[in-house]
A.B. asks: 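Structure provided below as structure tokens; questions to follow.
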Amino acid sequence: MIPNAPMDLQHLRRLPAGLALLLAVLAASAVGVAHASAQTHSASSPAAPSPSAPPLAVEVRNESEPVLCAEKDNVALTFASPQVRRFRIQAVHPAYLGALVADRTEPNWTACDMSGDPAFPAAPKRVTFFETPDLWLTGYTFPAFWRPASVPVRVGDTATEGLHMVQLWVRRDERAEEVLVFYPPDGYWRARPLAPPHLANTAYGSSFLLGPVETEGRPLVKLKEIAFDPATRTFTLAFAGGGSARLALSALDRESMVLDVSLDGPVTGHPFAALRSMYVTAFNADVAQVAWRAPGAKGWAEGDILDFSGGPVLDLWAGRLAPSRHNTSAPDMVFGPFEGP
């Protein structure tokens, strides 16, 4: 029998502050699910970059700003190009993970005032709406969220409505691990590889957005529906303004998760993707550094996240070189390569 999916503490900063604090207390007492051992899964990916395709540069804007609150997503990188049709996102364990002995994943609400955040009430529920022995989806409706839960999540002919958050779980060697989470009301996603042998689990960190990125108080992607194909481990995103994208879980092991994305047409007037994360100081951050490969450059450039000026890139890495006191085990994120039609 598949175990109940506990609430992960890293999900809480997506909620109104008062509700998040309450759930943090409840979650801290929950018994965690055992996590998976290493094994690679390859799915039929509709968007895997072609090794023969010429590299495509996209325009990255850095709209990050300094803050004091560790639970505010103040890191904001957007990716724009009407030519992009396919690209890859990877969540990769940080370089220091092998030496990590103690992990820190609890939220830090110091210097945080989110009393002005909108909060739409809802009837709380938890439901596992797709389930096989090795793969399942668990959905949550919270007592409140900053946007209404109006986006259905479909598996086959069955649509589940009213969900604020959906977790994708996998089972390996009779152990289970949550590896991907998404929020249908605002289009946010978070990913992490399987835990390494010496850690029971790892943290989520940065979020990413796929599709036309708009801003209504904060960046978001407006969705009409999300559909999941278990056979290929592919999500199809139908956008509220028209158009669609596919997100395929192409590979998953103890080092990384590989997600291949394809767009059915150009995204114009808006970025086609964004990275959202947090940075207070280098020792209190989910992203502290960025590295990028610019067109014509002989190698990678790198620097601190708040100092990055943006510009055209072929590939981009965002992560940490030293352990942080916030979500210490959370993965680095890599965007690219990018391809056109």
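Model, not experiment: these values are computed from the prediction. No hydrogens, no waters, no symmetry mates; every other heavy atom, side chains included, goes into these values.
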A.B. asks: Between N62 and S64, does a side chain to side chain donor-acceptor pair (under 3.5 Å) hold up when you go through it step by step?
C.D. replies: CA-CA 6 Å; N62 186 3; S64 307; 2.6 Å; yes
A.B. asks: Can you check whether A195's main-chain N or O pairs, donor with acceptor, with E177's side chain at less than 3.5 Å?
C.D. replies: yes
A.B. asks: Provide the closest heavy-atom pair for G187 versus L209 in the form atom of the first, atom of the second, distance.
C.D. replies: O-CD2, 3.1 Å
A.B. asks: Do V170 and V92 belong to the same hydrophobic cluster, where Ile, Leu, Val, Met, Phe, Trp and Tyr are linked whenever their side-chain heavy atoms lie under 4.5 Å apart, directly or via other members?
C.D. replies: no
A.B. asks: Quick one: CZ on R190 to OG on S207, what's the gap to the nearest 0.5 Å?
C.D. replies: 4.5 Å
A.B. asks: To the nearest 0.5 angstrom, please state how far the NZ atom of K72 sits from the CZ atom of R218.
C.D. replies: 7.5 Å
A.B. asks: If I compare all heavy atoms of P193 with all of A91, which pair ends up nearest, and what's the gap?
C.D. replies: CG-O, 3.3 Å
A.B. asks: How long is the straight-line distance from CG of L100 back to NE2 of H93, given to the nearest 0.5 Å?
C.D. replies: 11.0 Å
A.B. asks: List the residues meeting ring pair (Phe, Tyr, Trp, His ring centres under 6.0 Å) with F308, not counting sequence neighbours, and say none if there are none.
C.D. replies: W292
A.B. asks: Just jot down the ring pair (Phe, Tyr, Trp, His ring centres under 6.0 Å) partners of F182, sequence neighbours excluded, or say none.
C.D. replies: W189, F235
A.B. asks: Looking at side-chain heavy atoms only, is the closest gap between P184 and V153 below 4.5 Å?
C.D. replies: yes
A.B. asks: Residues two or more places apart in sequence or in another chain: which of them pass side chain to side chain contact (heavy atoms under 4.5 Å, CB included) with A322?
C.D. replies: none
A.B. asks: Walk me through it: do L210 and I89 pass the test side chain to side chain contact (heavy atoms under 4.5 Å, CB included)?
C.D. replies: CA-CA 10 Å; L210 300 176; I89 299 174; 3.6 Å; yes
A.B. asks: Nearest 0.5 Å, please: how far is OG1 in T202 from CD in E178?
C.D. replies: 10.0 Å
A.B. asks: Over all heavy atoms of both residues, which pair between M257 and L180 is shortest? Give the atoms and the distance, please.
C.D. replies: SD-CD1, 4.3 Å
A.B. asks: Report the C-alpha separation of D286 and Y279 in whole Å, then their side-chain angles, then the decisive distance to 0.1 Å, and conclude whether the side chain to side chain contact (heavy atoms under 4.5 Å, CB included) test is met.
C.D. replies: CA-CA 6 Å; D286 288 354; Y279 175 93; over 6 Å; no
A.B. asks: With a 4.5 Å heavy-atom cut-off, do R88 and E339 have their side chains touching?
C.D. replies: no
A.B. asks: Given the rule that I, L, V, M, F, W and Y join up when any side-chain heavy atoms are under 4.5 Å apart, are L259 and L77 in one cluster?
C.D. replies: yes
A.B. asks: Could you tell me which non-hydrogen atom of L137 sits nearest to which non-hydrogen atom of V155, and how far apart they are?
C.D. replies: CD1-CG2, 3.9 Å
A.B. asks: So how far is it from F283 CZ to R325 CZ, rounded to the nearest 0.5 Å?
C.D. replies: 8.5 Å
A.B. asks: Closest approach of A176 and W136, non-hydrogen atoms and distance?
C.D. replies: CB-CH2, 3.6 Å
A.B. asks: To the nearest 0.5 Å, tell me how far R172 CZ sits from D253 CG.
C.D. replies: 8.5 Å
A.B. asks: Indicate if L314 and V58 have the same hydrophobic cluster label, given that clusters are the connected sets of ILVMFWY residues with side-chain heavy-atom separations under 4.5 angstrom.
C.D. replies: no
A.B. asks: Shared ILVMFWY cluster between V221 and F208, side chains joined below 4.5 angstrom?
C.D. replies: yes
A.B. asks: For a 4.5 angstrom cut-off between non-hydrogen side-chain atoms, does T158 reach F130?
C.D. replies: no
A.B. asks: Using the test side chain to side chain contact (heavy atoms under 4.5 Å, CB included), find all partners of E216 that sit at least two apart in sequence or belong to another chain.
C.D. replies: R147, L220, K222
A.B. asks: Above 12 or not: heavy atoms from other molecules or residues under 6.0 Å from CZ of R61?
C.D. replies: no
A.B. asks: Quick check on E59: does its CD atom have over 12 non-hydrogen neighbours (other residues, nucleotides or ligands) under 6.0 Å away?
C.D. replies: yes
A.B. asks: Would you say the side chain of V84 lies within less than 4.5 Å of the side chain of V267, judging by non-hydrogen atoms?
C.D. replies: no
A.B. asks: Quick one: does R246's side chain get under 4.5 Å of D260's, heavy atoms only?
C.D. replies: no
A.B. asks: Checking D73 side chain against R276 main chain: does a donor-acceptor pair fall under 3.5 Å?
C.D. replies: no
A.B. asks: Are any side-chain N or O atoms of H198 and backbone N or O atoms of L97, one a donor and one an acceptor, separated by less than 3.5 Å?
C.D. replies: yes
A.B. asks: Using modelled atom types only, decide if a donor and an acceptor are shared between the side chain of T141 and the backbone of G162 within a distance under 3.5 Å.
C.D. replies: yes
A.B. asks: Taking side chain to side chain contact (heavy atoms under 4.5 Å, CB included) as the test, write out the residues that go with V280, two or more places apart.
C.D. replies: A70, M278, N284
A.B. asks: Pair I226, T236 - check side chain to side chain contact (heavy atoms under 4.5 Å, CB included), show working.
C.D. replies: CA-CA 6 Å; I226 300 175; T236 299; over 6 Å; no
A.B. asks: Given the rule that I, L, V, M, F, W and Y join up when any side-chain heavy atoms are under 4.5 Å apart, are L135 and V179 in one cluster?
C.D. replies: yes
A.B. asks: Could you label the plane-to-plane angle of the F272 and F79 rings as parallel, tilted or perpendicular, counting under 30° as parallel and over 60° as perpendicular?
C.D. replies: tilted
A.B. asks: Are the side chain of Q289 and the backbone N or O of L321 linked by a donor-acceptor pair below 3.5 Å?
C.D. replies: yes
A.B. asks: Apply the test side chain to side chain contact (heavy atoms under 4.5 Å, CB included) to residues T138 and W169: give CA-CA distance (whole Å), side-chain angles for both, the deciding distance (0.1 Å), then the verdict.
C.D. replies: CA-CA 8 Å; T138 299; W169 289 75; 4.1 Å; yes
A.B. asks: Where the side chain of D264 meets the backbone of S244, is there a donor-acceptor pair that is under 3.5 Å apart?
C.D. replies: yes
A.B. asks: Among F120, Y140, F145, exactly one meets ring pair (Phe, Tyr, Trp, His ring centres under 6.0 Å) together with H164. Which residue is that?
C.D. replies: F145
A.B. asks: Over all heavy atoms of both residues, which pair between T328 and P94 is shortest? Give the atoms and the distance, please.
C.D. replies: O-CG, 4.5 Å
A.B. asks: Return each pair, listed once, that meets side chain to side chain donor-acceptor pair (under 3.5 Å) where at least one residue sits in residues 299-321; pairs must be two or more places apart or across chains.
C.D. replies: Y96-R320, R293-D315, W317-D332
